Each structure stands twice: as structure tokens, then as C-alpha cells.
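The next block holds one structure in the form of C-alpha cells; read it before the comments.
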Amino acid sequence: MHDGSGRIHVQGLNKRFGPVHAVQDLSFTVHPGAITGFLGPNGAGKTTALRMILGLVTPTSGTATINGLPFNRLANPGGVVGAVLDAHGSHPSRTARHHLRCYAAAMNIPDGQVDKALELVGLAAAGDRKTGGFSLGMRQRLALATALLGDPQILILDEPANGLDPEGIAWLRGFLQTFAAGGRTVLMSSHFLREIEHTVDRLVIISQGRCVYDGHIEELRAAQQSRALVQADSPEVLVAEVQAAGYGVEYLPDGRLAVLGADSRAVADLALQAGVALYGMQDERVDLEQLFFHLTQGQSAGVPQHVPPTSQTWVGPGQPGDGGSV
Ligand SMILES: Nc1ncnc2c1ncn2[C@@H]1O[C@H](COP(=O)(O)OP(=O)(O)OP(=O)(O)O)[C@@H](O)[C@H]1O
């Protein structure tokens, strides 16, 4: 009997294909009531890991459980997990409804679920069209409808946003957020952070088969603070002022100050208040995309201590871009 928790638990998972160590000592937990993005560059091992979770690939070592059991030991797998690994699984001469009825019959699910699933994914009007004429976006929706037939507690989706236009991505986001808000579990893979950053609550990031980040997306954003770099005529006066305002501050080797978590306008206001002249200011903003590149190029676990930030430069306490550079 499974524990009904809606959790996916991966522990010490390894998979070797001959000389290729596709998944290396991978451990993470996927929680219910949230959308977890499973992110990594091409070839990072995402599909292999998902296939091991779904019992389609045998791990070299380690375990993957769903509701406390390996997938193959779930009594009613279709009612626990719906999975989409490939959106191209339909016969082109079959209608969408016929395709879903075949799956429903194989899973012992009443036909009524077919219309419900078509409705849920926005394909009700296309139910009697042959799938051979479907766009990639429609195929993605049909694959999702197949996964939803058993009214599962958990959805596992491999690159579900692949090929979707912005409208399709927005629709998918809304659908998955509603699904997760009802206390269900979503694990979705992607190799493209931008595609999923507004959809997911949590991220598991892998690189060359290893986990390099596991946590809330907001924690990842907050892990690297933006900072304002300023050149002041009286640095020690400004340091006292920004510290009194609650900001951390560092001296840079070139004599500038780095005010952590502040933008240049906030520092300019404090400098004005303290009667300190500023000669140059620069905002350094950390972009999530850069964090992703940093995490997936290195192999160390955990959040990086320093990521080279993007820079937006403006000069002086006046208007952005009104002359000069730091
Ligand atoms: N059946 C297999 N036989 C040999 N090597 C394999 C097999 N399946 C995957 N690999 C290798 O394992 C590594 C991980 O592949 P995997 O498809 O899991 O990555 P991925 O993160 O899903 O990539 P993508 O984003 O490109 O789909 C790759 O080097 C791949 O070539």
C-alpha cells in the first residue's frame, strides 16, 4: 500500500550506459502542492532520471519512489501518476477521442473520462479530428490529456512546454498551477529556464547527471544579492550611513563601495542625506539565467557564493545615463 503523500523521493540514483555516467548520485524530493521544475542543459540526465522514476529504466544503483513505493509496485499506477515523456505517441489516422478511448480501455477507465480530459486540455472542439493534422502544441495537449485520464495525484512531464507558443505556455502554466494548488504534485523537466521560471515553485537543477540545486526558486534568486557599486568622496561617512540604514557594505580593491541588496538610487538618497558626493554609480543585478549557467557549468553542489552579475550603469546621483562612466 502506498503512503498517499504525493511525494517523489529520489535517493542516491545512478545510471551508467557503458562509459556514460548519465545520472550520478542524484537525490531530491518532489513535494505535493507545488510545481517542481527539473532543469538542466541538454544531455544532463533529466529524461534518464524521469524514466527511472517511472520504472522504465533500471537504475545502476539507488532508488526512486512515488508515495513511498517504486513505480512498478504501485497498485493503481494510472490513478497515482500521469506521465508525458513524448508528445508523439498517437497514431496519425486516429482521432484524438479515439486515441484517448484506447488508453482509457487499456487502463480500465470509463469513457466519460475521455471527454473530461479533452475538456481539461482545451481540445474538446478538436476531439474528432485526426491527430496526424495536429500541431506540436495540440500534440502536447493530447499527451497531457492521456496523462490525465486516470485523474492522477502526480504529473510527471518531460519538456511539456517544448514547441508551445507563448499562449500555449501561458495556458500550460495556468493549468499546472491550478492542478498543484489542489494539493497535487507536478514534476516537469526543461532545458530552458526562461520557459519555466514563471511556472515553477521549486527547482531541481542537474548538470552532468548531478544535482547542483534543490530548493525554492525564490531562494535561488535571493542567494545572490544585487548590489550598488559607488565611488564616494568620503567613503567612511557613507559606510556609516548605509549601515545605519541596514545595508551590508564592502570595500572593493579599486576603492569603490559595494552596498549589498541596495540599488543605486537608494544609495544616492543616503549619500545626499549624509552630505557625501558620489562620482560614479553602477547597479549590478543578478539574473536567474546567469545563476543557471553558473550552476550548470561548474560541478559543485549548493548555491554559488559568487556569480558574475550583469551590470546596468548610470552615473552620478542625477538621472540614469546622464553622462560618463565608472
Ligand atoms: N539508452 C541510452 N544508451 C546510451 N546512452 C544514453 C541512453 N540514454 C541516454 N543516454 C546518454 O545519457 C546522457 C543523458 O541523457 P538524457 O537524455 O537523460 O539527458 P537530458 O537531460 O534528458 O537531455 P535533453 O535535454 O537533451 O533531452 C546523454 O549523454 C545521453 O547520450
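Each ligand, and each atom within it, is numbered from 1 in the order the structure gives. Source: prediction; values computed, not measured.
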Just distance, no hydrogens or angles: give the donor-acceptor pairs under 3.5 Å from side chains in residues 105-123, sequence neighbours left out.
from	atom 1	to	atom 2	distance (Å)
Asp111	OD2	Arg101	NE	3.3
Gln113	NE2	Leu149	O	3.0
Asp115	OD1	Arg97	NE	3.0
Asp115	OD1	Arg97	NH2	3.0

Margin query: Does Asp263 form a salt bridge (charged side-chain N to carboxylate O under 4.0 Å, His left out) with Arg265? I'd like the steps, not just the answer.
Written below: CA-CA 6 Å; Asp263 65 17; Arg265 286 169 189 272; 6.0 Å; no
Checklist line | Contact list for residues 164-186, test salt bridge (charged side-chain N to carboxylate O under 4.0 Å, His left out), sequence neighbours left out | finding: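 Qualifying pairs: Asp151-Arg184.
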Identify all pairs of nitrogen or oxygen atoms, one from ligand 1 and one from the protein, separated by less than 3.5 Å, and list them with distances.
from	atom 1	to	atom 2	distance (Å)
ligand 1	18 (O)	Thr48	N	2.9
ligand 1	18 (O)	Thr48	OG1	2.6
ligand 1	19 (O)	Gly45	N	3.1
ligand 1	21 (O)	Ala44	N	3.0
ligand 1	21 (O)	Gly45	N	2.9
ligand 1	21 (O)	Lys46	N	2.9
ligand 1	21 (O)	Lys46	NZ	2.8
ligand 1	22 (O)	Thr47	N	2.9
ligand 1	22 (O)	Thr47	OG1	2.7
ligand 1	23 (O)	Gly43	N	2.7
ligand 1	25 (O)	Asn42	ND2	3.2
ligand 1	25 (O)	Lys46	NZ	2.8
ligand 1	26 (O)	Asn42	ND2	3.0
ligand 1	26 (O)	Gly43	N	3.4

Notebook entry, point to check: How would you list, by chain and number, every residue that makes a side-chain hydrogen bond (donor to acceptor under 3.5 Å, both in side chains) with Thr58, sequence neighbours excluded?
Noted result: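 Partners of Thr58 by the side-chain hydrogen bond (donor to acceptor under 3.5 Å, both in side chains) criterion come out as none, since no residue qualifies.
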Next item on the list: Report yes if some heavy atom in the side chain of Leu176 is under 4.5 Å from a heavy atom in the side chain of Trp171; otherwise report no.
Entry: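 A side-chain contact is absent here, since even the closest heavy-atom pair is not under 4.5 Å.
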Margin query: Assess whether a salt bridge exists between Arg202 and Asp214, defined as any Lys/Arg side-chain N lying under 4.0 Å from an Asp/Glu carboxylate O.
Written below: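 Result for this pair is yes, salt bridge flagged.
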